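Read through the structure below, which is laid out as structure tokens, and then see the notes.
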Amino acid sequence: MDIIVCIKRVPEVAEIDLQVDQTGKSIKEEGLVFGVNDWDNYAVEEAVRIKEKHGGKVTAITVGSAESEEVIRRALALGADEAVMVTDPQADGSDAYAIAKVLAAAIKEIPYDIILTGVLADDDGCAQVGVTLAELLGIPHATLVTAIEIEEKQVKIKRELEGGMEEELVVATPALFTIQSGINEPRYVSIMGIRKVAKKEVATRDLGTLGLSPNQVGPAGSFTTVERIFPPPVGEGAQILEGSSDEVATKVMDVFQKGGVI
Amino acid sequence: MAEILVLTEHRQGEMQEISLEMLAKGQQLAEQTKKELTAVLLGKGVASMADEVKRYCHHILVMEDDLLANFNSEPYQDVLSFLIKERKPSLVLMGHTAFGMDLAPPLATAAGIPLATDCYEIEVKGDAVIPYRQMYGGKMCAEVHFKEAPCHMITVRAGSFPAEGLKEINGAVEQVSFQFDKDYAYKKFLQYVEAAVGDVDITQADVLVAVGRGIGDSENLPMVEELAKLLGGVVACSRPVADKHWLPKERQVGTSGKTVKPKLYIAFGISGAFQHLAGMKNAATIIAVNKDPKAPIFSVAHYGIVDDLMKVVPSLVAKVRERKGA
């Protein structure tokens with residue numbers, strides 16, 4: 001069972017106050033910590049688990065800047081066997097559709113039974129690249145996958161619906177699944193583990209080697225562009241309780257009392 | 001005639017609320033762009049649903065088939081591709097739900113239609129339809145521009161457009177004549193799996209003390225449990241905490257978990273992704289504690305504390321104890 005897993009490097013934004021940059025179209029990246037997209041981390045773990053149980057090879061692939069090498073190395077440390085990195089400044093400004101085209105071109109030369117991606121990426125949150133890729137490759141797909149069971153020539157999966165409900169499907173391979181967070185408990189990757197794979201080869205590709213022309217990617221090859229970004233309008237918002245921690249705690253007690261909690 | 005197409009969504013014989021929300025927005029867009037609103041209803045045994053939906057649109061296209069009984073993106077995609085080719089709508093709306101997330105990208109890709117996903121607002125400026133969506137877990141909003149095309153597709157975020165303003169249009173029901181040429185054995189629905197029932201039902205609690213990613217480690221849970229206990233409540237969580245298995249899935253509040261309406265909801269280290277807010281924004285009193293003053297949770301909270309929960313929880317525990325002792 002050969003598996004391709006697509007991953008993306010994204011900024012970590014939890015409890016971070018984000019700022020809009022000068023272009024007005026993206027965020028200021030200075031000072032932000034980058035890492036692998038959370039959903040993709042679950043996808044890599046799932047790919048490695050399937051390989052450990054059923055044999056085969058895991059290839060991790062990413063499209064992004066040269067810094068993306070760190071997430072590719074991390075995937076290798078987690079247990080991926082091979083790595084492909086597509087880096088080309090001409091692909092900057094690509095939307096989900098254009099990125100899927102790049103991935104489809106890169107995947108043409110790699111044999112696979114299953115492709116895994118995360119459901120969505122922490123940054124743009126489109127939930128679009130994986131499924132679009134499946135369509136471009138002409139293979140069936142399922143999104144929001146919370147369990148994978150490999151059977152002969154098909155995969156039994158569960159996918160998440162609303163309100164805690166799930167549905168069970170069977171999908172014939174080759175197929176693509178977008179992995180929902182929580183499907184597994186990703187193993188810990190130590191610095192030693194990453195060092196061990198420091199010399200492992202990462203195949204690099206650009207548009208030329210993939211046979212793509214510049215107008216197929218970037219803004220020209222995209223269906224959508226981000227015109228501007230802005231912080232969400234704050235409505236009435238919360239009344240902020242300020243003061244020393246004792247004063248704040250006292251104010252919270254008043255709220256508790258008003259609510260009849262204590 | 002150019003029209004706006006809305007794909008209605010239903011499950012187990014129940015129409016999903018998002019369908020009415022999209023019809024409400026669709027009515028508004030149809031008026032603004034001087035087009036007609038057409039609903040599409042695919043399923044099996046959906047006649048009574050068609051009667052309800054037709055009240056709110058000019059046309060409703062209905063197709064019933066065993067292959068459409070339960071949602072499966074593959075037959076749905078073939079029927080919709082056919083309809084889009086036939087009717088040439090200028091805009092297609094569907095929900096950004098488990099249903100639309102599976103269907104919209106392949107449908108749009110195969111038909112060469114520009115797609116914007118998970119949109120919370122749609123504006124009309126001149127001839128252009130402009131979708132707005134969120135990025136970075138709700139910390140930024142984005143105005144998206146489509147490439148010019150005869151048709152655009154938008155998936156709509158649940159809860160974005162109130163269904164209350166729906167106007168009666170009383171359109172006509174039209175049957176779709178489409179013949180399937182395969183049985184889609186390569187992607188088959190088997191069954192629904194109901195949510196697991198745990199020992200605690202968070203929907204019944206008066207006080208919920210909820211924790212999010214900011215809790216950092218499961219080792220920090222006991223102090224939160226202590227606070228919940230002192231307040232006669234239980235501990236709930238947002239998605240990242242359930243994903244890490246620090247708390248069981250049935251404690252998760254949000255779109256894919258439970259919808260709660262307690263007297264008091266305290267959110268510790270929860271930034272407030274839309275999916276979480278949808279599950280708790282109707283609580284009577286909401287207190288949010290987060291280090292980021294711009295965390296979206298503060299937009300639905302009544303009271304906010306901008307600080308580290310590791311400091312706030314112990315001070316609240318001490319204060320409640322003091323009060324109770326007095």
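Keep in mind that what you see is a predicted model, and the values were worked out from it rather than measured.
Under a cut-off of 6.0 angstrom, the local environment of NZ in B:Lys188 is sparse, with at most 12 non-hydrogen atoms contributed by other residues, nucleotides or ligands. In the displayed structure, A:Lys108 atom NZ is contacted under 6.0 Å by at most 12 heavy atoms of other residues, nucleotides or ligands. Applying the 6.0 Å contact sphere to CD of A:Glu151 captures more than 12 heavy atoms from other residues, nucleotides or ligands. When the shell of 6.0 Å around CD of B:Glu14 is examined, it contains 12 or fewer heavy atoms from other residues, nucleotides or ligands.
Heavy-atom distances place both the backbone and the side chain of B:His145 under 4.5 Å from chain A. Of the atoms belonging to B:Lys263, it is side-chain heavy atoms, and not backbone ones, that fall under 4.5 Å from chain A. For B:Ile287, the part sitting under 4.5 Å from any heavy atom of chain A is the side chain, from C-beta outward, and nothing else. Looking at B:Tyr184, there are no atoms closer than 4.5 Å to chain A (heavy atoms on both sides), in backbone or side chain. Neither the backbone nor the side chain of A:Glu12 comes within contact range of chain B; no heavy atom of the residue lies under 4.5 Å from a heavy atom of that chain. Neither the backbone nor the side chain of A:Val10 has a heavy atom closer than 4.5 Å to any heavy atom of chain B. At a 4.5 Å heavy-atom cutoff, A:Ala147 makes no contact with chain B through either its backbone or its side chain. Interface residue A:Ala127: backbone and side-chain heavy atoms are both found under 4.5 Å from chain B. Looking at A:Pro11, the atoms closer than 4.5 Å to chain B (heavy atoms on both sides) all sit in the side chain, from C-beta outward. The contact between B:Ser315 and chain A is made by backbone and side chain atoms together, counting heavy-atom distances below 4.5 Å. Contact annotation for B:Leu316: both backbone and side-chain heavy atoms come within less than 4.5 Å of a heavy atom of chain A. Heavy atoms closer than 4.5 Å to chain A are found in both the backbone and the side chain of B:Ala110. Within the 4.5 angstrom heavy-atom criterion, atoms from both the backbone and the side chain of B:Ala301 approach chain A. When heavy atoms are compared at a cutoff of 4.5 Å, B:Gln252 does not approach chain A at all. Looking at B:Gln191, both its backbone and its side chain come within 4.5 Å of chain A, counting heavy atoms on both sides. Looking at B:Ile297, there are no atoms closer than 4.5 Å to chain A (heavy atoms on both sides), in backbone or side chain. Using a 4.5 Å cut-off between heavy atoms, B:Val320 touches chain A through backbone and side chain atoms alike. Heavy atoms closer than 4.5 Å to chain A are found nowhere in B:Ser271, neither backbone nor side chain. For B:Tyr120, the part sitting under 4.5 Å from any heavy atom of chain A is the side chain, from C-beta outward, and nothing else.
A donor-acceptor contact shorter than 3.5 Å is absent between the side chain of B:Lys139 and the backbone of A:Pro231. Looking at B:Lys187, its side chain never comes within 3.5 Å of a backbone N or O of A:Ala172 through a donor-acceptor pair. Distance alone, capped at 3.5 Å, places no donor-acceptor pair between the B:Lys258 side chain and the A:Gly164 backbone. Without hydrogens or angle criteria, B:Arg133 side chain to A:Gly125 main chain gives a donor-acceptor distance under 3.5 Å. Side-chain atoms of B:Arg239 come within 3.5 Å of backbone atoms of A:Ser181 as a donor-acceptor pair (strictly under, hydrogens ignored).
When every heavy atom of B:Thr97 is checked against every heavy atom of A:Glu162, the shortest pair comes out as CB-OE2, 3.3 Å. Taking every heavy atom of both residues into account, A:Cys126 and B:His96 meet most closely at O-CE1, 3.9 Å. Closest non-hydrogen pair, A:Glu135 versus B:Pro106, comes out as OE1-CB, 3.2 Å. What you find for B:Glu194 and A:Met165 is that their closest heavy atoms are OE2-CE, 3.6 Å. Contact detail for B:Ala142 and A:Val226: the closest heavy-atom pair is CB-CG1, 4.1 Å. Pairing each heavy atom of B:Leu190 with each of A:Val170, the nearest pair is CD1-CG1, 3.8 Å.
Looking at heavy atoms from C-beta onward, B:Asp307 lies out of side-chain contact with A:Val248 at the 4.5 angstrom threshold. B:Lys244 has its side chain out of reach of A:Glu185: every pair of non-hydrogen atoms, C-beta onward, lies at least 4.5 Å apart. Here the side chains of A:Glu227 and B:Val144 are not in contact, with every heavy-atom distance at 4.5 Å or above. B:Tyr136 places none of its side-chain heavy atoms less than 4.5 Å from the side chain of A:Asp122. A heavy-atom distance below 4.5 Å is found between the side chains of B:Leu115 and A:Gln128. Residues A:Leu18 and B:Met140 meet the side-chain proximity criterion, which asks for heavy atoms closer than 4.5 Å. Between A:Glu166 and B:Tyr192, every side-chain heavy-atom pair lies at or beyond the 4.5 Å cut-off. Under the 4.5 Å side-chain criterion, counting only non-hydrogen atoms from C-beta, B:Gln134 is not in contact with A:Asp124.
Note that OH of B:Tyr186 is 14.5 Å distant from CD of A:Gln154, once rounded to the nearest 0.5 Å. Put simply, OG1 on B:Thr255 and CG on A:Leu161 are 12.5 Å apart, with the number rounded to the nearest 0.5 Å. A distance of 6.0 Å separates OG1 of A:Thr143 from CE of B:Met101, quoted to the nearest 0.5 Å. Distance check: A:Ile16 CD1 to B:Lys291 NZ gives 8.0 Å after rounding to the nearest 0.5 Å. Here A:Leu169 contributes atom CG and B:Phe71 contributes atom CZ; the two are 9.5 Å apart, rounded to the nearest 0.5 Å. To the nearest 0.5 Å, the span separating CZ on A:Phe230 from CD on B:Glu143 amounts to 7.0 Å.
Each of A:Ile27, A:Leu136, A:Val171 has some count of heavy-atom pairs under 4.5 Å with chain B, and the biggest count is that of A:Ile27. Chosen from A:Thr224, A:Asp38, A:Val20, the residue pairing most often with chain B at heavy-atom distances under 4.5 Å is A:Thr224. Taking B:Gly112, B:Ala104, B:Ala295 one by one and counting their heavy-atom pairs under 4.5 Å with chain A, the maximum is reached by B:Gly112. For the set A:Asp17, A:Val13, A:Val131, the entry with the most heavy-atom pairs within less than 4.5 Å of chain B is A:Asp17. Between chain A and the options B:Asp118, B:Asn70, B:Ile305, B:Leu231, heavy-atom pairs under 4.5 Å are most frequent for B:Leu231. Of all the listed residues (A:Glu167, A:Arg228, A:Lys156), the one sharing the greatest number of non-hydrogen pairs under 4.5 Å with chain B is A:Arg228.
A:Glu160 has a carboxylate O that lies under 4.0 Å from a charged side-chain N of B:Lys249, or vice versa, which qualifies the two as a salt bridge. Ion pairing of B:Lys319 with A:Asp246 is present here, as a side-chain N (NZ or NE/NH1/NH2) and a carboxylate O approach within less than 4.0 Å. Checked for salt-bridge contact, B:Asp102 and A:Arg159 meet the test: a charged N lies under 4.0 Å from a carboxylate O.
Chain B is approached within less than 4.5 Å, heavy atom to heavy atom, by A:Ala249, A:Thr250, A:Val252, A:Met253, A:Asp254, A:Val255, A:Phe256, A:Gln257, A:Lys258, A:Gly259, A:Val261, A:Ile262 from residues 249-262 of chain A, ordered by number. Close approach to chain B, defined as a heavy atom under 4.5 Å from one of its heavy atoms, is seen in A:Ala238, A:Gln239, A:Ile240, A:Leu241, A:Ser245 of residues 238-245 of chain A, taken by number.
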